[in-house]
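Reviewing the structure listed below.
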Protein chains: 2
Amino acid sequence: MKFDPRHLEILAAIVDHGGLTEGAQVLGKSQPSVSRTLSQLEARIGAPLFQPGRRPLQPTTLGLALAEQGRAVLQANRTAGEIANRYRSGHSGLVRIGGTPIFMDGVLAPMIALFQQNVPDVRVDQSYGYADTLIEGLRSGRFDLAILPLQPDNVPDGLRFQPILPGRNVIACRTGHPLTRRRLVTLADIAEYPWIAPPTESPLYKDLHQALSRIGARDFRISFSGGSLASVIGVLAGSDSLTVLPYSVTFQMAPQNQITTLSLEIGHPDRHLGLLFMPGRDTSPATQRFRNFVVAQFEALSNRIARRRKEQLWR
Amino acid sequence: MKFDPRHLEILAAIVDHGGLTEGAQVLGKSQPSVSRTLSQLEARIGAPLFQPGRRPLQPTTLGLALAEQGRAVLQANRTAGEIANRYRSGHSGLVRIGGTPIFMDGVLAPMIALFQQNVPDVRVDQSYGYADTLIEGLRSGRFDLAILPLQPDNVPDGLRFQPILPGRNVIACRTGHPLTRRRLVTLADIAEYPWIAPPTESPLYKDLHQALSRIGARDFRISFSGGSLASVIGVLAGSDSLTVLPYSVTFQMAPQNQITTLSLEIGHPDRHLGLLFMPGRDTSPATQRFRNFVVAQFEALSNRIARRRKEQLWR
DNA sequence: TGCTTAATATACCATGATGTTATGAAATTC
DNA sequence: GAATTTCATAACATCATGGTATATTAAGCA
């Protein structure tokens, strides 16, 4: 024998609220509607679910047993609603992000950790990639969100770019590096040190070349290249090599006291770090929540950077 | 957010059977119907429950979580069906029987025990009463079934009577009673022993008087009266008193070896022991099962009595 | 008892969800 | 790239559900 689970729900409501009228109220239905459903149920089963001819409507044993199952249905329904609500409010779900490795490792990873402290049931799938890969991933729906440096006037068709930080690069070295003792670093000073180069596909790689050629450096020596941020930092901290890094990355890593920046101004690329996504596709609530969170975090980061600069100028 | 529990069931079926088509088959619905329900669900939630653009239809995390609740609904629904089936087949429920005390205690109680060995989830509510009470109880719906001695041509209006044993009374005494040694008991023999009388409302009481007057006994002495079967047997077994009991009762009690019967024929009342019930009222399956069981048991009892009598005659 | 009140059942109608068949579109498979 | 499987869409019928109005019935009370 097969029931309509809604009928079991209704039975449970009647039993639990002691009467047809109250049960109907709780269910948000009219009393006659509930009454008829009950009649149908009893007719289907061929047995009374309530003592017949009793006005405060007392359930039979059978009625009680079935109401129990109705409660189970109600419960499952409720938790299903909960699950959906959590999803719709962005408290659970999946965010698939892609981004350039250095930013991902240096800036975003700590933010993801913070995000998941607030919203632990949102799973974040992170992938590495450079512009072309990321754009393709967004278009094909493999990513919900990409984070990468981009020229704001060069945004791919059909995608939206939300800048979050100006692309400002600096020359980084280990703390305690000989050059950090000098108040003013000249081109001649840096010439003798080897360089760590990012992977060739990385935009930073082009930045490095551009910056060095702009300040007139030529024939610089590359001692290490192609590593992730972790290996770059590892080599940097254990040698007197120099490298080019986004300022945001060095800023975020400042507390660890492993690396620092040289006070040699190099030109800034005309790119902005930002979030890229497809405005057409209906993004999941979790993704939206994550995007808002990242934007807010970068806002905060930007403020901290500005304050820091003001302090340095003041000194 | 509130769901239709049937939709959750459908979702669970799709997930568990790996696809829309198979899910629909299991549910006994057409594939388009299930497909639309799924679309509606996704539309309501505003999120895909299955990876879009995948043909063997793989569920998302959200889909899996909701399917889990759907399974819970399905499970509750299944056990509700089980409960109903058990009820409808008479394997659970309530039987309210009323009957005359002596028969209830002496004959029916052991049968109830046997019945509940087969069908342990059927509850039996037993009440004592004599004809008028029982008839009134049946009419008012307080009893499902009554067991009592009745004249078959004197059945109350609107009730049906199903005879199960002829009303045959015997004179009972303790085993080892002085009279049991005699091959033939005469009126003079029994005159000196006191009598145990059933309660005055009991039909047995009238039977006792009728029987004794029919065999010519007058001025018999009543030493004890009004007790239930247990007290009657108690007094009977502990004294040389005599009493009148239905033969079925003494037969059932023979194995205990407490009481026996005198070979003094007394007249039989024109009543039959039988089941009384209202044919109009829809009896519960458990009641029907119980009635069938009791009838069968009495059939068997009747056979045993007949065999026993044959054996005795043979001797 | 008989009256009053509260609770439940019934009648009737409207509507909307569900089910069906027929058919189209898309993704896998070979 | 054709074949096949799988899912989505369209159009329509129908039945269950929900509503309002009203009758019926049990409980409570004088």
Side-chain angles (χ1 to χ4, degrees), chain A residues 1-45 47-60 63 67 70 73-74 77 139-142 282, chain B residues 1-45 47-60 63 67 70 73-74 77 139-142 282:
Chain A
M1 160 150 241
K2 173 87 178 149
F3 289 105
D4 185 330
R6 290 176 303 174
H7 294 179
L8 295 177
E9 283 187 343
I10 289 174
L11 175 61
I14 298 172
V15 169
D16 289 349
H17 296 90
L20 240 160
T21 312
E22 308 197 13
Q25 262 184 337
V26 170
L27 291 166
K29 301 187 194 302
S30 69
Q31 170 268 320
S33 173
V34 173
S35 170
R36 189 182 41 194
T37 303
L38 179 61
S39 301
Q40 287 177 349
L41 249 183
E42 290 184 325
R44 278 191 71 74
I45 302 173
L49 264 18
F50 291 87
Q51 316 280 2
R54 279 287 163 76
R55 260 315 145 76
L57 218 56
Q58 269 177 311
T60 61
V73 172
L74 222 46
N77 205 333
R139 288 227 168 91
S140 73
R142 285 206 322 281
D282 49 339
Chain B
M1 158 149 239
K2 174 85 177 152
F3 289 106
D4 185 331
R6 290 176 303 173
H7 293 180
L8 295 177
E9 283 187 344
I10 289 173
L11 175 61
I14 299 173
V15 168
D16 289 350
H17 297 89
L20 240 160
T21 311
E22 307 197 12
Q25 262 184 338
V26 170
L27 291 165
K29 300 187 195 302
S30 68
Q31 171 267 321
S33 173
V34 173
S35 170
R36 189 180 43 191
T37 303
L38 179 60
S39 302
Q40 287 176 350
L41 250 184
E42 291 185 324
R44 278 191 70 74
I45 301 174
L49 264 19
F50 292 86
Q51 316 280 2
R54 279 283 164 76
R55 255 323 144 72
L57 218 56
Q58 269 178 312
T60 61
V73 172
L74 222 47
N77 204 332
R139 288 227 168 92
S140 74
R142 285 206 320 281
D282 49 339

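Note: hydrogens, waters and symmetry copies are ignored here, and every other heavy atom, side chains too, is used. Chain identifiers are assigned alphabetically (A, B, ...) following the order of the sequence lines, protein sequences preceding nucleic acid strands; residue numbering begins at 1 within each chain.
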Separation of [N] [atom2] from [X] [atom1] (nearest whole Å):
X	N	atom1	atom2	result
B:Q31	C:dA25	CD	P	15 Å
B:D4	C:dG19	CG	P	10 Å
A:R6	D:dT17	CZ	P	5 Å
A:L27	D:dG18	CG	C1'	13 Å
A:L20	D:dT24	CG	P	19 Å
B:R36	D:dC12	CZ	P	14 Å

Ignoring hydrogens and geometry, is there a side-chain-to-backbone donor-acceptor pair from B:Q31 to B:T21 under 3.5 Å?
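Between the backbone of B:T21 and the side chain of B:Q31 there is no qualifying donor-acceptor contact (under 3.5 Å).
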Considering only C:dT10, C:dT8, D:dT17, which nucleotide approaches the side chain of A:Q40 most closely?
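Nucleotide nearest to A:Q40's side chain: D:dT17.
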Could you please name the option among C:dT18, D:dC7, D:dG19 that lies closest to any side-chain atom of B:H7?
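So the side chain of B:H7 is nearest to C:dT18.
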Quick check: on DNA chain C, is the nucleotide nearest A:L38 upstream (toward 5') of the one nearest B:V34, or the reverse? Name the residue that is more 5'.
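Closest to the 5' end, via its nearest nucleotide, is A:L38.
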Identify, between B:E22 and B:S33, the residue whose nearest nucleotide on DNA chain D lies closer to the 5' end.
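In this pair, the answer is B:E22.
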Report which part of the nucleic acid A:R54 touches: base, sugar-phosphate, or nothing (heavy-atom distance under 4.0 Å, all strands).
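Sugar-phosphate: the residue A:R54, judged by heavy atoms under 4.0 Å, touches backbone atoms but no base.
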Under 4.0 angstrom, heavy atoms only, what part of the nucleic acid is B:T21 near: base, sugar-phosphate, or nothing?
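Sugar-phosphate: the residue B:T21, judged by heavy atoms under 4.0 Å, touches backbone atoms but no base.
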Can you check whether A:K29 reaches A:T37 side chain to side chain, under 4.5 Å on heavy atoms?
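No. Closest side-chain heavy atoms not under 4.5 Å.
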